[in-house]
Every structure is written in C-alpha cells, then in structure tokens.
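Position 1 is the first residue of the sequence; numbering continues from there.
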Amino acid sequence: RMGGLAIHGGPVSLLLDVLNVRRGRGLSSKRAMSFVADRLFIEPEALETPYTLDGDLYSVRGPITVEVGPALEIVRPQCR
C-alpha cells in the first residue's frame, strides 16, 4: 500500500493553510485529501498536467496510473 496526498487548490489558496500546517493540523479538506491505496488513476482536466511523485516533478499528457510494485527484500550479508 502507498500513502498519497492530492492537493486540488492552487498555490495562492494553499497560503490559507500555512498556519494550520505549522501548528500540525494539516491542509484543509477543501483543498487536499490524503489516502492509502494500492493503485491510483488520475485523469487530468488539462491537456498537459504537472505532477509530483516521490518528490520528483513530471509533466504528462493524458491519464496517469501509479501502482505499488513488487515487495523488496533486503538481505543483510553474513559477516565472516
């Protein structure tokens, strides 16, 4: 599962939440929603849409699908 935060307000509208974020209350549900999912499908209204995924900025034309990949196993080598 992955956690997500969808912000559906512009930069100016987010200024209204700066004080709440600093106080640990988070963004208003009027401008953002958080969720947990296995798969995310976004169909943008605009022809070309910028988005951020894991801190990296991308731009896309058309729908976006984000899915959880295979589980990663971390193996610690034995010391001799």
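Listed by chain and residue number, Arg39, Phe41, Glu67 satisfy the side-chain contact (heavy atoms from CB on, under 4.5 Å) test with Thr65 (two or more places apart in sequence, or in another chain). Judged as a salt bridge (Lys or Arg N to Asp or Glu O under 4.0 Å), and not counting sequence neighbours, Asp56 has no contacts. When the side-chain contact (heavy atoms from CB on, under 4.5 Å) test is applied to Gln78, no partner is found at least two apart in sequence or on another chain. Residues meeting the side-chain contact (heavy atoms from CB on, under 4.5 Å) test with Ser13, sequence neighbours left out: Arg31. Taking Arg23 as the reference, Leu19, Arg25 meet the side-chain contact (heavy atoms from CB on, under 4.5 Å) condition, with sequence neighbours excluded.
Every pair tested for salt bridge (charged side-chain N to carboxylate O under 4.0 Å, His left out) that includes a residue from residues 3-16 fails, sequence neighbours excluded, so the list is empty. Sorted by first and then second residue, the salt bridge (charged side-chain N to carboxylate O under 4.0 Å, His left out) pairs involving residues 40-55 (not counting sequence neighbours) are Glu48-Arg61.
Applying the 4.5 Å side-chain rule to ILVMFWY residues, one finds Met2, Met33, Phe35, Leu40, Ile42, Tyr51, Tyr58, Val60, Ile64, Val66, Val68 in the same cluster as Leu53. Cluster partners of Ile7 are Leu5, Leu14, Val21, Leu27, counting Ile, Leu, Val, Met, Phe, Trp and Tyr whose side-chain heavy atoms approach within less than 4.5 Å, directly or via other members.
In this structure, Pro63 and Pro44 approach most closely via the heavy-atom pair CA-CD, 3.9 Å. Of all the heavy atoms in Leu57 and Pro50, the pair that sits closest is CD1-CB, 4.5 Å.
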